[in-house]
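All remarks here apply to the structure that follows.
The first residue of the sequence shown is numbered 1, and numbering continues consecutively from there. When a ligand or atom number is given, it counts from 1 through the structure's own listing order.
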Amino acid sequence: MEKFYLTTPIYYANGRPHIGHVYCTFAADAIRRFHALNGAEARLTTGTDEHGQKMAETARKLGLEPRQLADRYSANFRALWDELGIQYDHFIRTTETRHIPAVHDMFRRCQESGAIYKSTYTGAYCMYDEAFVTEVEPGQPCPECQRPTEKVTEENYFFKLSAFADKLLALYAENPDFIRPEARRNEVISFVKGGLKDLSISRTSITWGIPVPDAPGHVFYVWFDALTSYMTAIGYAQGGEAEKEFKRLWPANLHLVGKEILRFHAVYWPAFLMAAGLPLPKGVYAHGLMLIENDKISKSRGNLILAEPITRTVGADALRYFLAREIVFGQDGSFSYDALVTRFNSDLANGLGNLVSRTLTLINRDFDGAIPAPPPRTDAEEAIYRKAAETIAKWREHFGNLEFSLALETVWSLIAEMDRYIVQFKPWKLAEAGEREKLAAVLYTCADVVRLLCRMIEPVMPVSAARIWKMLGETAELTNGANLENEHVAAGQRVGKVEAVFPRLDAEVTIAKMRTMEQEQLNANKPAEATAAPAAAPAPAPAAEPAAAPVNPKIAIDDFLKVEMRVGTVVTAERIPKADKLLKLTVDIGTEVRQVCAGIAEAYQPEELPGKKVVIVANLAPRKLRGLESNGMIVAAAVEPDGKPVLVTVPDSVPNGARLR
Ligand code: MSP
């Protein structure tokens, strides 16, 4: 049996997963399922990246130990993968003890081949990317993320990356598929041709990491640690049976990553493996980034979409279908609730759902629930079977190339062809007209195609595929589709009870429900220190939101003074269409009139607000809510038991702009 080992990136466990993380993990799951369906032994590793300065820093801000932070968020990721039907075989956490010998072994191998030396680094460091930035002076913005860098001087172990440029270029030349898509491959080649600098792989300035052997004070650079986890997960350096599994599955067939971390996977990682004398992965694929209504996902600006409100409203499969169908894999793509619901109604409710329910309802009505035996095919059926064979071939090709949207487009063109076939023969009229033979031909052909569709949609929509499969009365293993070109539905098979698999959605109601759930989740997860106005929706989500018990560490006066609260007077207030909780306010804060969206509509009428003195957090980064800019946050008390907002107010004598301290 052919094996196919693939990985997702291991996600930083310093915040809850959002739709961007879901995107990569879902794609990996679909690839795994596709290979399994085609008879390969497919194995998927995912996990969480739990060391490094960013983790330590977030934990410190929340008054937690790094391990507590990691436990909390790692569990969040795992739970979400279960909810999304992700079939991962291995989940690696870099803080597991089994990971230590793996990282040590990698290091020793690199050391033995002469690829490691000790030296001092002085220069810029980007804490956000956890990377020394050699292109800019300390303090200047990081070229990757534009945030200010810091100056550091450290004694480090270095990896002689510069010695690997030619070998890497040869790797790319000999294996054109090593980096995909092609545009990204060209970027990496230019980067390597531009010259590689040696890479520091240990840190002495932090302690939250795996210690370097025989080097007190040094811990491994988080990327050296993280990349090695792809091997730890399957048994590397574990000895015994585990090690045998590693030898069987390694090298990985595919590392699936977001484009922003391609360099680590396509340059550093193969160089580390070359130095260690270990087999190189067969390929790295860099997908694009998810945008939200064309804007970058940003936790700090509160511009993020959580998956749970979607999966709990329309189902995980609907989300999975949308991600695969709407976004061209490899390119950036935009998410919006509107587009999700539109796709659901047109492709799932009207398209696939309609075909399934028509077919099965008529088999129940006209053949007492047993799939009729097919009479000899006429030209019309021959045309359908030709189209089906073509669809299978294209589906295999596109899916194999990770062109999910094209693969699904092909499948849906077969559904459209079935619609035309049904409209042509109008099977609902054939029974009355006494044309039993044509009726049997049409319904058998439809049932046969529905069976085929189940196999082809399974990698993307496993739950719905299984439901339809069962309704069709199939008992074989759905995921065993290696031979789908030659299979047919069995005449006489009894179909089950017909249920709507994709009931049509009311766009307005569905979107409002998802938005409300999302806001509730974000509010529920804000740390205590960031919930000055829990009811005020515009409060941006903090850098990381703990999932469970709120922590309430003491803060220094300097921390408090960072929050600029000022007195203002409400000038205008109005409702925002389709937003039950939000009001759009303009507030005079002395120096300017600000527009602020506040989550107080359930407690205040717009008419009662103009002229009221309020308190506003004036130095919050602006964010968009329902397409409207919200520039600040109105301070309110959340009154239990239902958290109803009560505006904090001050006497009229206090001038606008006065600061609260
Ligand atoms: N911990 C590192 C990876 C180490 S792998 C050895 C890391 N983690 S991450 O959590 O920041 O991001 C990991 C991946 O999540 C990205 O490469 C990408 O696949 C996915 N995404 C995170 N945000 C995303 C979007 N906005 N859009 C699409 N995918 C995104 O980097």
Would you mind checking which non-hydrogen protein atom is closest to [atom], with the distance to 0.1 Å?
atom	answer
atom 19 (O) of ligand 1	H287 NE2, 2.8 Å
atom 23 (N) of ligand 1	H18 CE1, 3.5 Å
atom 22 (C) of ligand 1	H21 CD2, 3.8 Å
atom 17 (O) of ligand 1	E260 OE2, 2.8 Å

May I ask you to check if ligand 1 and [X] share an N or O to N or O distance below 3.5 Å?
X	value
Y12	yes
Y230	no
G20	yes
M290	yes
Y11	no
W223	no

Structural part of [X] in contact with ligand 1, heavy atom criterion under 4.0 angstrom:
X	value
C24	side chain
F264	neither
L289	both
K296	neither

In terms of side-chain geometry, is the basic nitrogen of [X] or [Y] positioned less than 4.0 Å from the acidic oxygen of its partner?
X	Y	answer
E187	R184	yes
E57	R60	yes
R67	D71	no

Taking only heavy atoms of [X], which atoms of ligand 1 are found under 4.0 Å from at least one of them?
X	answer
D49	1 (N), 2 (C), 4 (C)
I297	26 (N)
A226	6 (C)

Q. Would a distance-only check, ignoring hydrogens and angles, find a side-chain to backbone donor-acceptor pair under 3.5 Å from N175 to L171?
A.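 Pair found, side chain donor or acceptor close to backbone of L171.
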Q | Backbone of T204 reached by a side-chain donor or acceptor of E154 within 3.5 Å | A |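 Indeed, once roles are kept as given, a pair shorter than 3.5 Å links the two residues.
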Q. Would you say E65 has more than 12 foreign heavy atoms packed within less than 6.0 Å of its CD?
A.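 Not buried by this count: 12 neighbours or fewer within 6.0 Å.
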Q: Out of I10, I305, L227, indicate the one that has the non-hydrogen atom closest to atom 3 (C) of ligand 1.
A: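 Of the listed residues, I10 has the closest heavy atom.
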Q: May I ask you to test the Y121-D198 pair for a side-chain heavy-atom distance under 4.5 Å?
A: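 A side-chain contact is absent here, since even the closest heavy-atom pair is not under 4.5 Å.
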Q: Run the ring-centre check on Y221 versus F159 and record whether the distance is less than 6.0 Å.
A: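 Centroid distance Y221-F159: not below 6.0 Å, so no.
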Q) Is the ring centre of Y5 less than 6.0 Å from the ring centre of Y230? A)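 No - the distance between ring centres of Y5 and Y230 does not fall below the 6.0 Å cut-off.
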Q: Could you label the plane-to-plane angle of the F26 and F404 rings as parallel, tilted or perpendicular, counting under 30° as parallel and over 60° as perpendicular?
A: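 It falls in the tilted class, 30° to 60°.
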Q. W223 vs Y12 aromatic rings, parallel, tilted or perpendicular, using cut-offs 30° and 60°?
A.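 Geometry flag for Y12 against W223: perpendicular rings.
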